[in-house]
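Heads up, the thing below is written out as structure tokens.
Every heavy atom of this structure was used, including side-chain atoms; hydrogens, water molecules and symmetry mates were not. Throughout, protein chains are lettered first and strands after them, A, B, ... in sequence-line order, and every chain is numbered starting at 1.
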There are 2 protein chains.
Amino acid sequence: MGITKSEKFTEQQNQIANFAKAFGHPARVAILQHLFKINTCICGDLVEEIGLAQPTISQHLKELKNLGLIKGNIEGTKVCYCIHKENWTKMKLVMNEFLDQDILTTECC
Amino acid sequence: MGITKSEKFTEQQNQIANFAKAFGHPARVAILQHLFKINTCICGDLVEEIGLAQPTISQHLKELKNLGLIKGNIEGTKVCYCIHKENWTKMKLVMNEFLDQDILTTECC
DNA sequence: TACTTTAATCGTAATATTGCAATGTATTAA
DNA sequence: TTAATACATTGCAATATTACGATTAAAGTA
């Protein structure tokens with residue numbers, strides 16, 4: 001049904017899934033990497049950099065902004081985006097708790 | 001169009017996105033957490049544990065297996081699943097390189 | 001053999017995601 | 001004011017994902 005039964009899972013599990021979903025598209029990965037790489041905050045050069053149409057990039061940026069991973073600031077006709085440091089750090093804590101689980105058991109198979 | 005233009009991105013970006021997509025559903029997060037938690041490798045108790053229908057769980061398990069994050073072993077009429085340690089470690093390297101990027105810039109906004 | 005158990009697969013419905021052309025909205029420049 | 005620039009939004013088509021009933025396949029049990 002394409003609908004995720006979020007109510008069956010813990011808040012933590014849904015949170016992990018939501019962050020992961022944001023990274024689940026290479027364009028959003030590329031956008032974030034670019035924002036990290038460029039010292040000056042980048043606006044719509046992302047469209048050229050990534051190579052997708054402007055509305056598509058705008059949509060991906062919106063998702064990242066809604067999750068709180070980036071911020072946008074209007075500067076004249078341009079918009080300047082950058083990583084939301086504090087939230088990025090918080091996100092890392094959540095993801096690392098999941099990724100860094102200790103593997104206590106020996107493999108069964 | 002619902003189709004991701006993977007060819008526009010680097011192999012690394014696609015790899016990150018593919019791993020992230022696997023974690024982008026709380027059921028798969030829950031499955032993995034359960035496999036980590038339980039000392040004995042778990043088979044279809046996952047169906048009871050997670051609370052989704054058996055074909056649904058089976059489908060999620062298949063995705064995780066295709067990505068190489070878990071292994072399955074047939075034991076009689078049951079199937080025993082566990083984390084694929086080596087691949088999990090490799091996945092962590094890829095994800096951490098992405099997540100742990102240094103934020104050199106000051107925020108612009 | 002026939003029956004049971006367990007899990008995979010098939011088929012399908014409902015919903016979500018991706019991508020972009022067209023359009024709208026500010027802001028700046030002329 | 002008019003035109004240009006930069007980006008957001010809308011609307012829609014194509015594809016992907018999620019979920020599960022029904023069925024199948026494989027192995028154990030009576």
Handout entry: Protein-nucleotide distance (A/Leu61, atom CG; D/dA6, atom P), rounded to Å
Key = 16 Å
Problem - D/dA8 phosphate, OP1 or OP2, under 4.0 Å from A/Tyr81 side-chain N/O - result: yes
Practice task
Give B/Glu75 one of three labels, base, sugar-phosphate or nothing, depending on what nucleic acid heavy atoms sit under 4.0 Å from its own.
Solution key: nothing
Handout entry: Passing candidate, side chain to side chain contact (heavy atoms under 4.5 Å, CB included) with A/Arg28, options A/Glu63, A/Gln33, A/Lys21
Key = A/Glu63
Problem - Nucleotide nearest A/Ile3 when distance is taken to its side chain, options C/dA8, C/dA16, D/dC20 - result: C/dA16
Handout entry: Any donor-acceptor N/O pair under 3.5 Å between D/dA6 base and A/Gln54 side chain
Key = no
Problem - Side-chain-base donor-acceptor pair under 3.5 Å for B/Gln59 and D/dC20 - result: yes
Handout entry: Given C/dA7, C/dC20, D/dC20, the nucleotide with the shortest approach to the side chain of A/Lys5
Key = D/dC20
Practice task
Remember a base hit wins even if backbone is also touched, and classify B/Lys21 as base, sugar-phosphate or nothing at under 4.0 Å, heavy atoms.
Solution key: sugar-phosphate
Problem - side-chain N/O B/Thr77 vs D/dA26 OP1/OP2, d < 4.0 Å - result: no
Practice task
Among the candidates D/dT10, C/dT9, D/dA19, find the nucleotide nearest to the side-chain atoms of B/Pro55.
Solution key: C/dT9
Exercise for the section: Indicate the ring-plane relationship of B/Trp88 and A/Phe98, choosing parallel, tilted or perpendicular according to the 30° and 60° boundaries. Expected result: perpendicular
